[in-house]
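Because only heavy atoms are used, hydrogens play no part in the values below, and waters and symmetry mates are left out as well, while side chains stay in. Each ligand, and each atom within it, is numbered from 1 in the order the structure gives.
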Amino acid sequence: MQAVTERDALIAALSWQLSMGADEAMLDAPVARTAAPPPGPEAEAKRPPTTPSAPIPLRKVPPAGQLSASLAAGASTLEELRAAMAGFEGSALRETATNFVFSDGVPGAPVMIIGEAPGAEEDRQGKPFVGASGQLLDRMFASIGLSRAENLYITNILPFRPPGNRTPTDAEIALFLPFVLRHVQLAAPRFLVLAGGVSAKGVLQAREGITRLRGRWHEVTVLDGTVFKVLPTWHPAYLLRNPIAKRDAWADLLLLRRNMKDD
Ligand code: URA
């Protein structure tokens, strides 16, 4: 049997970190974020003698889900929503993401696309769908005359990249859903396109997967009672891996174009 060298052990440790989602080095040296900073000499000198102190009243912090719902409801413009989400501290995803990713395209456009979450390139640039799947998405919608420069508005279920591009958890989706629905209400598109299973199941609160949901119209009702027409379709990243499914995606795009003309 071959001996395990120190190099083998280091490679194994790196590969474990990669599989846990630590796929980017942000600093030269690791930072223990949870450790308290060591007290400097001045702080030591000023420290009062230890006497029992009065109990500190606990500040009532609302659970993160209630907080996202009330922040979302309190935003009355897209700019207010962007600011509320950027300041929202109820998700650990913001600690690992490089950038907050809100939207791209034309607010108020007739078609709004909701994807899953930023990937590595989106996280770097702070814009949704700018990597390989975004380029395919642009080509797909250009084929029916839609572009983010003119008549398309794009966002995601999560505004932060999950570490290692893992799939968002149900809890993360539920946490950000009030923001997403408020985003739809404020952007007020005529048609909503849900790209992929995470977006479709999240927005439609459906038990079925994208295979069953895609290719037909659904409706979603937002907080003020407005009803939006919703078309789930394959995620472009899925189409890159399964080019055969592009014909379904093309049928979905034609369905969208037909309804835009009729409307
Ligand atoms: N995939 C998504 O769902 N959204 C992006 O912004 C990029 C990739």
Side-chain angles (χ1 to χ4, degrees), residues 21 23-24 78 81-82 85-86 88 91 93-94 96-107 109 111-142 146-149 151-177 179-181 183-184 187 189 191-206 209-211 213-215 218 220 230-243 245-246 248-249 252-253 256:
D23 58 357
E24 282 189 46
L78 287 172
L81 183 68
R82 178 201 289 269
M85 289 175 70
F88 176 59
S91 167
L93 290 176
R94 63 179 296 137
T96 47
T98 305
N99 275 304
F100 164 66
V101 179
F102 184 66
S103 70
D104 196 22
V106 183
V111 177
M112 176 172 181
I113 303 173
I114 304 182
E116 180 176 316
E121 196 50 39
E122 289 76 17
D123 186 38
R124 253 190 292 279
Q125 295 192 32
K127 274 191 192 178
F129 281 107
V130 287
S133 61
Q135 286 160 23
L136 175 58
L137 181 117
D138 285 345
R139 287 200 300 278
M140 286 164 60
F141 283 84
L146 297 173
S147 75
R148 44 181 120 192
N151 41 19
L152 208 49
Y153 185 62
I154 307 178
T155 189
N156 279 310
I157 296 281
L158 301 187
F160 297 110
R161 178 193 185 210
N165 287 353
R166 65 161 171 73
T167 303
T169 64
D170 288 348
E172 286 164 348
I173 296 168
L175 182 62
F176 284 99
L177 197 58
F179 288 128
V180 175
L181 296 179
H183 204 156
V184 172
F191 301 97
L192 197 54
V193 175
L194 305 177
V198 166
S199 171
K201 286 180 79 173
V203 171
L204 296 172
Q205 296 286 286
I210 184 68
T211 313
L213 294 171
R214 63 147 285 278
H218 302 253
V220 73
V230 180
L231 181 63
T233 189
W234 293 124
H235 192 286
Y238 175 78
L239 298 176
L240 288 172
R241 295 191 304 270
N242 300 278
K246 283 185 182 169
D248 295 341
D252 299 347
L253 288 169
L256 173 63

Output the list of atoms in ligand 1 that are nearer than 4.0 Å to some heavy atom of Gly115, sorted by atom number.
3 (O)
May I ask you to decide if Leu213's main-chain N or O and His218's side chain share a donor-acceptor pair within less than 3.5 Å?
yes
Hey, is the main chain of Ser147 close enough, under 3.5 Å, to the side chain of Asn151 for a donor-acceptor pair?
yes
Counting heavy atoms only, which part of Ser133 comes closer than 4.0 Å to ligand 1: side chain, backbone, both or neither?
side chain
Can you confirm, on distance only, whether ligand 1 has an N/O atom lying under 3.5 Å from any N/O atom belonging to Pro128?
no
Residues in ring pair (Phe, Tyr, Trp, His ring centres under 6.0 Å) with Phe141, at least two apart?
none
Starting from the C-alpha separation in whole Å, work towards a yes-or-no answer on side-chain contact (heavy atoms from CB on, under 4.5 Å) for His183 and Leu78.
CA-CA 7 Å; His183 204 156; Leu78 287 172; 3.6 Å; yes
My understanding is that only residues two or more places apart in sequence, or in another chain, count here; which of them pass side-chain contact (heavy atoms from CB on, under 4.5 Å) with Val106?
Ala109
Which residue and atom name correspond to the protein heavy atom nearest atom 2 (C) of ligand 1, and how close is it?
Ala117 O, 3.1 Å
Separation between CD (Glu172) and CG (Leu93), nearest 0.5 Å, reads 4.0 Å
Which atoms from ligand 1 have a heavy atom of Glu116 less than 4.0 Å away?
2 (C), 3 (O)
Give a yes/no on ligand 1: does His235 have at least one heavy atom closer than 4.0 angstrom to it?
yes
Atom 4 (N) of ligand 1: nearest protein contact (heavy atom, Å):
Asn156 OD1, 2.8 Å
